[in-house]
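Whatever order the structure lists them in is the order used to number ligands and atoms, beginning at 1. Everything numeric here is computed off the predicted structure, so don't read it as measured data.
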Amino acid sequence: MYTQAMDIPHGDGKPAAVDDPARAAAFDERAARGEFVEAKDWMPEAYRKTLIRQISQHAHSEVVGMLPEGNWISRAPSLKRKAILLAKIQDEGGHGLYLYAAAETLGVSRDDLIDALHSGKAKYSSIFNYPTLTWADIGVIGWLVDGAAIMNQVPLCRCSYGPYARAMIRICKEESFHQRQGFDALHTMMQGTDAQRAMVQDAVNRWWWPVLMMFGPHDKDSQHSETSMKWGIKRISNDELRQQFVDATVEQGKVLGVTFPDPDLRWNEARGHHDFGTIDWSEFWNVVNGHGPCNRERLAARVGAWEDGAWVREAALAHARKRAARAQSAAA
Ligand code: FAQ
């Protein structure tokens, strides 16, 4: 994901013109009316940049998110679980592709986006920098990580930028299947042996706090929330989504028969919500800034896959050139 400070090409290599105040005011009114903005519409430069930042972070997260699960394809406990896991990971790759395509409509090239990821300039979700130690971790990724992703992403189906909003509709449907398969895998383990139940509980204990961090910093510390909410990019704040997630998940945990590693987690009748403990923000920023348990490994795996795939890209381009030349000589 790009920071706001990063230069994003403007096509002609010149710096972007300052927004015309009258157009900017008309745009703000459009956004306030809840209208969709399309790729060819005029938009303020800051709107375009923040969308490129968020959509590309999202795309990178989907693609890097394939890695922790990919590690378990060869170790899935049955053919059925292997087939489900393969399909899920393919879906995540597809989400990355729709999202890169949505970002490209804003005038940035896919190569630039990938470069930013590989050089460490771009961010991706903190959650994918944690290791998957047991098969229960795969169930927990489906249940909790996809669960948090859906909570955050359903409101994005109403994002003011049309291409992003439309991509999110399909993505959310697929994430919803992913969440259920994770819950189902864990539910099966919870019907098994004591060792399996202990494995599930251990995975929940390790993933719970990092999952809560997926929603981003507290609203008061969220630098982009105010403008993103004004422009209808974000519809619900980081803290509100986190609270909705906790409320929904605690009930699912009861059905599953697991507990959460938070002594302060309890229902608050007056608020009509669950209270929960304090997130370790130093851990969050440490992971976001590249120093989590698996940051180096994840990035190295992505760069390695990109380099290994160079011959495929070259062959596809050579094939496209040959076809174009053939079509041209046939037309001559
Ligand atoms: N990790 O001002 P805010 C998935 C950064 S997809 C890393 O609040 P914003 C599917 C933030 O970028 C999961 N960085 O930022 C799947 C900013 O830094 P910047 C990804 C984070 O944008 C499942 C700074 O902190 N989902 O799971 C994180 O308004 C299973 C200040 O934060 C999306 O990307 C974080 N957790 O709100 C795949 C959804 N949180 O750019 C495989 C779309 C914050 O200034 C397996 N994104 N930061 O350098 C969003 O909704 C928003 O971007 C938020 C952050 C809510 C993530």
Subject >> N238 and ligand 1 - part of the residue with a heavy-atom distance under 4.0 Å >> reply: side chain

Original post:
Mind checking whether E62 has an N or O less than 3.5 Å away from an N or O of ligand 1?
Top reply: no

Original post:
So between F284, Y124, F215, whose heavy atom ends up nearest atom 48 (N) of ligand 1?
Top reply: F284

**OP:** Using a 4.5 Å cut-off on heavy atoms from C-beta on, say whether the side chain of P155 contacts that of L241.
**Re:** yes

**OP:** Examine distances only and state if a side-chain atom of E174 and a backbone atom of I171 form a donor-acceptor pair shorter than 3.5 Å.
**Re:** no

Original post:
Relative to the heavy atoms of M214, which atoms of ligand 1 are at a distance of less than 4.0 Å?
Top reply: 27 (O), 36 (N)

**OP:** Give the contacting part of E175 toward ligand 1: side chain, backbone, both or neither, where contact means a heavy-atom distance below 4.0 Å.
**Re:** side chain

Subject >> Atoms of ligand 1 close to G65 [distance to a heavy atom under 4.0 angstrom, numbered from 1] >> reply: 42 (C), 46 (C)

Original post:
So, for A165 and C159, which heavy atoms are closest and what is the spacing to 0.1 Å?
Top reply: CB-O, 3.5 Å

**OP:** Could you say whether the N/O atoms of K88 and ligand 1 ever approach to under 3.5 Å?
**Re:** no

Subject >> ligand 1 N/O within reach of R53 N/O, cut-off under 3.5 Å >> reply: yes

Original post:
Considering the options E62, E69, E175, which one meets the salt bridge (charged side-chain N to carboxylate O under 4.0 Å, His left out) requirement together with K88?
Top reply: E69

Original post:
Using a heavy-atom cut-off of under 4.0 Å, does the side chain or the backbone of N152 touch ligand 1, or both, or neither?
Top reply: side chain

Subject >> Single-linkage hydrophobic cluster, 4.5 Å side-chain cutoff, M214 and F245 together >> reply: yes

Original post:
P217 near ligand 1, heavy-atom distance under 4.0 Å?
Top reply: yes

Original post:
Can you check whether K234 has an N/O within less than 3.5 Å of an N/O in ligand 1?
Top reply: yes

Subject >> Heteroatom proximity flag, D146 to ligand 1, N/O under 3.5 Å >> reply: no

Original post:
Do any nitrogen or oxygen atoms of Q223 lie less than 3.5 angstrom from nitrogen or oxygen atoms of ligand 1?
Top reply: yes

Subject >> Contacting atoms of ligand 1, where contact means under 4.0 angstrom from a heavy atom of E69 >> reply: 46 (C)

Original post:
Is a side-chain donor or acceptor of D239 paired with a backbone partner of D219 at a separation under 3.5 angstrom?
Top reply: yes

**OP:** Please answer whether the main-chain N or O of W231 pairs with a side-chain N or O of S160 as donor and acceptor at a distance below 3.5 Å.
**Re:** yes

Original post:
In a check of side-chain contact (heavy atoms from CB on, under 4.5 Å) between Y161 and each of D41, L51, I233, which one passes?
Top reply: L51

**OP:** Enumerate the atoms of ligand 1 whose separation from the nearest heavy atom of Q153 is less than 4.0 angstrom.
**Re:** 6 (S), 26 (N)

Original post:
Which ligand 1 atoms, with their elements, are less than 4.0 angstrom from a heavy-atom of M213?
Top reply: 36 (N)

Subject >> ring-ring contact (aromatic ring centres under 6.0 Å, His included) contacts in which one or both residues fall within residues 298-332, not counting sequence neighbours >> reply: H118-W306

Original post:
Considering G142, S222, P155, which one's heavy-atom position lies nearest to atom 8 (O) of ligand 1?
Top reply: S222

Original post:
Got a donor-acceptor contact below 3.5 angstrom from the K82 side chain to the I73 backbone?
Top reply: yes

Original post:
Are the side chains of L117 and Y124 in touch, meaning some heavy atoms are under 4.5 Å apart?
Top reply: yes

Subject >> K123 contact mode with ligand 1 (heavy-atom cut-off under 4.0 Å) >> reply: side chain

**OP:** Heavy-atom contacts with A149 under 4.0 Å: which atoms of ligand 1 show up? List them by number with element.
**Re:** 4 (C), 27 (O)

Subject >> Flag if over 12 foreign heavy atoms under 6.0 Å of NZ, K173 >> reply: no

Original post:
N/O of S126 under 3.5 Å from N/O of ligand 1, yes or no?
Top reply: yes

Original post:
Which option out of H58, Q57, H95 puts a heavy atom nearest to atom 47 (N) of ligand 1?
Top reply: Q57

Original post:
Does E45 come within less than 4.0 Å of K49, counting only side-chain N to carboxylate O?
Top reply: no

Original post:
With atoms numbered from 1 as shown, which atoms in ligand 1 lie under 4.0 angstrom from a non-hydrogen atom of G216?
Top reply: 40 (N), 44 (C)

